[in-house]
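Read the structure below first, then the notes.
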Amino acid sequence: MDPQVQELQEEARGAGEVTMELAAKSFKAFMLKRSSKSNLNLYDHLARLLTKVMDERPRDAVDIFEDMSQEVKRAELQDTQSTVRDATPISTAAALAEQQRALFSQRVGEDPAQEEDLVETPLPNVPELTFYLEQAGVGLGKEEMHRIFLALKQLVDTQPLQRCRFWGKILGTESNYFVAEGEFREGEDEEDEAAEEEERKAEHDMDAANRLHKLADKSLPVVPKEDKGTGANKCSYFVCREPGMPWVRLPSVTPAQIIAARQICKFFTGRLDAPIASSPPFPGNEANYLRAQIARISASTQVSPLGFYQFAEEEGEEDEEAARGTLEENPDFEGIPVSEMAESLSTWVHHVPHILEQGRCIWVNLAEKPEEDLEDEEEGEEEKEKEEEPDEPEPEVGPPLLTPVSEDAEINKTPPWTSKMSSTLVSQFAIAVLRSNLWPGAYSFAFKK
Amino acid sequence: MDSDSLRYSLDLVSGCGLTLSCEQRAALQTSLLILKRNYKFSRVLFWGKILGLRSDYFIAHGITEDEMRNRKTLYSFNCVDWHLLPPVTEAQLAEVSLLKEHFKGDPSYEYEHTETRGLDEGDEAVVEEITVSVKMTEETRLAATVFNIDREVSVVPRGAFIKTPSGRVQVNRCFEGLSESEARKLSSYLHFSEPQHLKKKTILETADLNPSIDFLDNLSEDTPKGSWSLQFERGSISVLRSLLWLGLTFFHVPMTPQHGYIYMGDGMKNHYLPFML
């Protein structure tokens with residue numbers, strides 16, 4: 001080639017290099033220009049971004065490049081925010097943790113050696129319960145159950161209970177309820193006299209209101225509620241929102257509440273004083289509705305193996321209504337093989353009395369009203385009396401205690417119970433599980449020792 | 001719920017009362033891995049459990065490339081042997097809402113349900129009766145129920161999934177979790193199914209949304225209001241429970257990318273929801 005052309009070409013290349021250098025410099029100056037909006041410049045941003053990619057070396061970096069770019073920008077901006085330090089708000093988690101910490105501290109003055117001398121502690125063996133329920137596929141998580149265990153211990157220490165049991169958990173829309181069932185020792189039930197008085201007054205007021213409502217329908221007397229310690233009010237129930245928070249005792253249930261609860265279906269909100277707006281109207285607030293539902297669930301789903309409980313011997317009892325209510329553990333119980341329990345429903349029996357239509361466990365004859373009331377009504381209703389009121393209302397009879405579960409009625413073509421073994425692979429250590437289809441969430445298990 | 005995180009996630013959802021026994025958990029860990037290999041899924045999710053009268057169904061989802069489309073559903077009785085569920089048609093989805101009995105536990109059981117509905121034609125006094133009869137096997141009913149539940153109440157936190165410009169939905173690897181204040185708002189959670197309300201929104205409302213994250217329906221637009229229960233269990237875990245399909249639980253640990261949902265229940269829609277609120 002012509003050497004002159006070669007020289008020119010070299011010169012052009014040199015000049016090209018110089019122009020390339022110039023172009024690079026001007027582009028770098030362009031990149032270093034700060035943006036008018038965010039005060040960042042492209043050069044620093046790219047440098048930081050590429051450093052981040054170098055450090056982290058993520059997989060498929062090109063796909064997440066834009067997201068990483070956004071993150072770097074966000075991180076950059078946060079450093080230049082206000083110099084005032086935010087007061088760290090106490091999160092609800094920390095507040096709850098403080099309360100639950102009290103569960104884990106031992107009470108002052110408790111001597112571990114002394115505790116062994118105590119006769120029978122009413123505290124249930126919750127870890128064992130957790131283990132067996134987990135095999136059945138039911139559970140709240142081990143840590144949660146342990147916290148419940150400690151909360152029950154707190155309950156037992158503060159209230160004189162003879163027997164205590166973790167009944168279960170009821171879910172609500174805003175918060176949940178943990179329910180414990182307890183039986184007070186005889187004579188130790190300390191429901192305040194004042195509280196009872198208030199209740200009676202409230203009931204009286206409501207009766208008056210009801211009477212105004214039902215002027216035309218005078219044949220609806222109020223069914224008296226069952227006494228503490230009998231029938232539907234045999235056990236007391238305590239609820240708390242989270243284990244660690246104080247236990248609140250639920251009021252006793254009245255038959256009117258049970259009858260109303262049978263007719264409505266409402267979600268629980270988690271606040272005990274919330275009103276229940278329903279049709280037909282429910283006499284009471286959420287605490288009463290909760291108690292009524294607990295009573296219904298206990299009456300329908302508490303079961304035990306056949307023969308575990310037997311009737312206590314009562315001699316000379318002629319009054320049928322009061323007898324047959326006491327059960328005691330059968331000391332000769334030997335245990336039924338697990339496979340039998342899982343297959344046939346007649347090996348399980350109810351051990352809580354059934355609630356009659358009236359709303360009580362023991363039927364009360366309402367025709368025996370005090371005379372003062374009858375007088376007023378008789379004058380107004382002499383003609384209608386024969387048609388409305390039968391001569392003597394027939395006593396309501398429910399299935400007696402200890403009836404096998406196989407005799408429960410079906411609803412909507414659904415058998416009320418489902419039973420199965422917890423494991424088919426290791427059947428010698430499996431447990432039998434009984435699940436209720438009427439009250440989803442009620443489970444019973446049995447294991448032969 | 002991702003099969004890899006099943007171990008600790010189950011503890012977080014167990015507030016609803018139902019969990020899996022140890023044996024089932026162990027069986028799931030092995031069988032889901034085998035499933036992943038056989039069907040060549042990119043992710044396997046344990047969807048939940050539907051209780052039947054005689055036996056329960058365990059359901060799993062297999063995901064290939066796109067997170068939302070072409071999901072395969074499988075069921076099993078013992079967490080070891082899995083069977084593929086058939087895809088469902090729109091007609092079957094509509095029919096399944098007429099069946100109100102419990103699941104029996106036998107996939108070959110045939111449901112037969114006939115319903116007569118009176119239909120008034122305008123001012124005519126004559127009422128025409130329409131007899132609707134539904135016949136389906138339990139397997140189809142199961143597939144339709146799972147699809148319905150996914151379509152109506154599956155939940156993911158906002159930002160956990162992104163939509164690429166090509167239309168594919170992917171896991172967002174830069175998702176760091178919702179903040180504590182965001183986790184308390186129902187609007188930070190989205191339905192994980194084809195959006196229905198999104199297209200009806202005005203431009204004013206969509207101006208604030210980020211199209212790669214907000215391509216799904218928001219939970220706060222569900223009717224009736226109050227069909228979700230948002231709680232903070234144990235103080236720091238955000239748990240969402242659906243009141244429309246009782247048994248669906250969603251959990252999310254704020255400030256971490258952990259989230260998941262599971263359904264443990266009897267597979268029946270709660271038609272009485274408006275009366276119960």
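A note on names: the letters A, B, ... follow the listed sequences, proteins ahead of strands, and every chain is numbered from 1.
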Side chain from CB out, backbone as N, CA, C, O: work out which of these in Q170(B) comes under 4.5 Å of a heavy atom of chain A, or both, or neither.
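Looking at Q170(B), nothing touches chain A.
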Side chain, backbone, both or neither of L243(B) within contact of chain A (heavy atoms, under 4.5 Å):
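L243(B) touches chain A through backbone and side-chain heavy atoms alike.
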Within 45° cone of F103(B) ring axis and under 6.0 Å: R141(B) NZ or CZ
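That pair qualifies as a cation-pi contact.
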Given a strict heavy-atom distance threshold of 4.5 Å, which part of [X] is in contact with chain B: side chain, backbone, both, or neither?
| X | answer |
| --- | --- |
| R59(A) | both |
| T173(A) | both |
| E134(A) | both |

Of all the heavy-atom pairs spanning P254(B) and S238(B), show the shortest one and how long it is.
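The answer is CD-N, 4.3 Å.
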Quick check: Y109(B) with Y111(B) (ring centres under 6.0 Å apart)?
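They qualify: ring centres under 6.0 Å apart.
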Salt bridge E152(B)-K269(B), side-chain N to carboxylate O under 4.0 Å
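Yes, this pair counts.
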NZ/NE/NH1/NH2 to OD/OE distance under 4.0 Å, R271(A) and E174(A)
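Yes, charged N to carboxylate O under 4.0 Å.
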